[in-house]
Number of protein chains: 2
Amino acid sequence: MKSMASTSEKILDVAQSLIVAGGYNGFSYADISAAIGIRKASIHHHFPTKAELVSVLVDRYRRQAEAGLESLRGELSSPAEQLQSYMNYWRTCIRDASPSFCVCAMLAGEMQMLPEEVASRVRAYFQNLAGWLTSVLRAGMEQDLFRLNNRPEEEAQMLMASVHGAMLSARAFSDPGLFTTIVTPQITRLLGRDC
Amino acid sequence: MKSMASTSEKILDVAQSLIVAGGYNGFSYADISAAIGIRKASIHHHFPTKAELVSVLVDRYRRQAEAGLESLRGELSSPAEQLQSYMNYWRTCIRDASPSFCVCAMLAGEMQMLPEEVASRVRAYFQNLAGWLTSVLRAGMEQDLFRLNNRPEEEAQMLMASVHGAMLSARAFSDPGLFTTIVTPQITRLLGRDC
DNA sequence: TGCTGTCTACCTATCAGTAGGTAGGCAAGG
DNA sequence: CCTTGCCTACCTACTGATAGGTAGACAGCA
């Protein structure tokens with residue numbers, strides 16, 4: 001009864017963890033094949049080309065993120081809590097699994113040499129996340145929960161950059177706690193504590 | 001008289017631009033060979049293994065950064081100007097050459113699958129940069145130029161994450177201006193403008 | 001003479017991707 | 001009921017290209 005995951009979903013799961021560890025060029029069909037115990041050729045049956053596999057993967061990732069963020073907005077009334085909860089998600093990921101990282105932040109670094117079909121989907125993820133953060137910040141501003149020094153779109157970009165940069169630093173220093181150290185004050189700052 | 005660069009320096013230069021574009025797994029000896037017009041085997045003469053090449057490259061990169069940051073501290077008396085000037089360096093890089101990125105930020109993402117000799121050097125770069133930023137922030141704080149809400153070490157980490165995250169975003173959105181949009185307010189914030 | 005840098009020619013391993021075949025499920029038709 | 005035909009999922013075996021790396025020859029220069 002456990003793990004009803006289809007083969008193609010297993011392939012995507014493994015590929016995702018491999019991308020998180022080493023990026024687009026950091027994994028091969030052979031790696032996936034070894035991890036889930038089917039032949040290389042069988043993976044090509046599900047995903048004819050690598051670009052297609054990663055495209056599907058990024059689409060799925062964006063949809064999952066979209067759904068997760070949307071449900072945060074539904075379950076938590078306060079924009080401040082929504083923001084905090086988004087940050088907590090990553091804090092937990094990074095604390096529990098050291099190899100944790102945002103798939104799209106990883107791929108964004110390799111943007112220049114990604115197949116266009118993949119690159120455009122990474123852009124879509126960034127746009128999506130920026131949009132969600134913007135609307136949460138705007139809502140918080142209108143409720144006088146946040147005291148923003150810049151336009152919501154800009155503050156959203158700043159926050160997003162902090163989160164991704166914090167992931168990078170946490171990984172560089174092999175220190176999961178560093179993520180919180182970096183991100184928490186950025187959220188605190190928005191809570192009007194500065195005036 | 002122009003370009004007295006030795007072959008090994010040319011190799012490192014090309015390798016660096018290739019890493020910036022696609023990371024450790026994103027380039028090969030064949031790529032370098034094609035770019036500077038010598039055979040693959042000749043590159044092995046200068047750098048027997050890829051791990052060694054990248055180790056030397058990161059060492060050189062760290063030394064150059066170290067020297068550059070140190071000279072900023074020598075030439076500019078105000079910590080605020082020093083910080084601004086560090087940020088300007090990257091702003092210019094990113095504006096002028098779209099494929100611009102910090103070598104070590106790139107490699108930090110791949111940390112998990114980097115040869116240990118490379119990984120440790122990437123860590124050294126991050127430590128070095130964090131140290132410089134910390135000391136600049138501390139100096140500015142003591143001169144009452146900065147109004148820090150956190151300890152200088154933490155603010156340094158926050159700033160570093162913002163810079164690297166901003167590079168990522170600028171690349172993801174193919175928008176060099178986004179780097180400034182993200183980083184400038186972070187510096188402004190330190191200038192005590194918030195009270 | 002011996003060292004430095006480059007070359008040609010090669011190696012083994014792995015890459016993404018293909019060709020062609022097999023086993024089983026399922027549905028239509030006799 | 002059972003056969004025919006198609007489908008999905010997987011397989012073995014292979015391709016051409018490329019990966020990082022090596023061996024040994026040769027030319028020029030100290």
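Worth saying up front: this structure is predicted, and the values here are computed from it rather than measured. Quick note on labels: first sequence line is chain A, next is B, and so on, each numbered from 1.
- The phosphate of dC11(D) (OP1 or OP2) has a side-chain N or O of Ser42(A) nearer than 4.0 angstrom.
- The CZ-C1' distance, from Arg39(A) to dT8(D), rounds to 19 Å in whole Å.
- Put simply, CD1 on Ile43(B) is 13 Å from C1' on dA19(D), counting in whole angstrom units.
- Salt bridge status for Glu66(A) with Arg63(A): absent, with no side-chain N to carboxylate O gap under 4.0 Å.
- Atom CG of Asn25(A) and atom C1' of dG20(D) are 15 Å apart (whole Å).
- Pro185(A) meets the side chain to side chain contact (heavy atoms under 4.5 Å, CB included) test with Asn150(B), Met158(B); sequence neighbours excluded.
- Classification of the Phe126(B)-Phe173(A) ring pair by plane angle, with boundaries at 30° and 60°, yields perpendicular.
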Listing time: all N or O pairs from protein to nucleotides 16-18 of chain C that are below 3.5 Å?
unit_1, atom_1, unit_2, atom_2, d
dA16(C), OP1, Phe27(A), O, 3.3
dA16(C), OP1, Lys50(A), NZ, 3.1
dA16(C), OP2, Tyr29(A), N, 3.0
dA16(C), N7, Lys40(A), NZ, 3.1
dA16(C), N6, Lys40(A), NZ, 3.1
dG17(C), OP2, Lys50(A), N, 2.8
dG17(C), N7, His44(A), NE2, 3.2
dG17(C), O6, Lys40(A), NZ, 2.8

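- In this structure, CG of Asp31(A) is placed 17 Å from P of dA19(D), rounded to the nearest angstrom.
- Evaluation of the side-chain hydrogen bond (donor to acceptor under 3.5 Å, both in side chains) test over residues 12-40 of chain B, restricted to residues two or more places apart or in two chains, returns Asp13(B)-Arg60(B), Gln16(B)-Arg60(B), Ser28(B)-Asp31(B).
- If you take CD1 of Ile36(B) and C1' of dT6(C), they are 12 Å apart, rounded to a whole angstrom.
- The CD1-P distance, from Ile32(A) to dT14(C), rounds to 16 Å in whole Å.
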Using the rule given for side chain to side chain donor-acceptor pair (under 3.5 Å), can you reason through Ser135(A) versus Arg73(A), listing the C-alpha separation, both sets of side-chain angles and the distance that settles it, and then say yes or no?
CA-CA 10 Å; Ser135(A) 71; Arg73(A) 191 143 54 180; 2.4 Å; yes
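- At a threshold of 4.0 Å, the pair Glu155(A)-Arg189(A) counts as salt-bridged, since one of the basic side-chain nitrogens sits closer than that to a carboxylate oxygen.
- Within the 4.0 Å cut-off from OP1 or OP2 of dC10(D), not a single side-chain nitrogen or oxygen of His45(A) is found.
- Note on Thr7(B): every side-chain N or O is 4.0 Å or more away from OP1 and OP2 of dG5(C).
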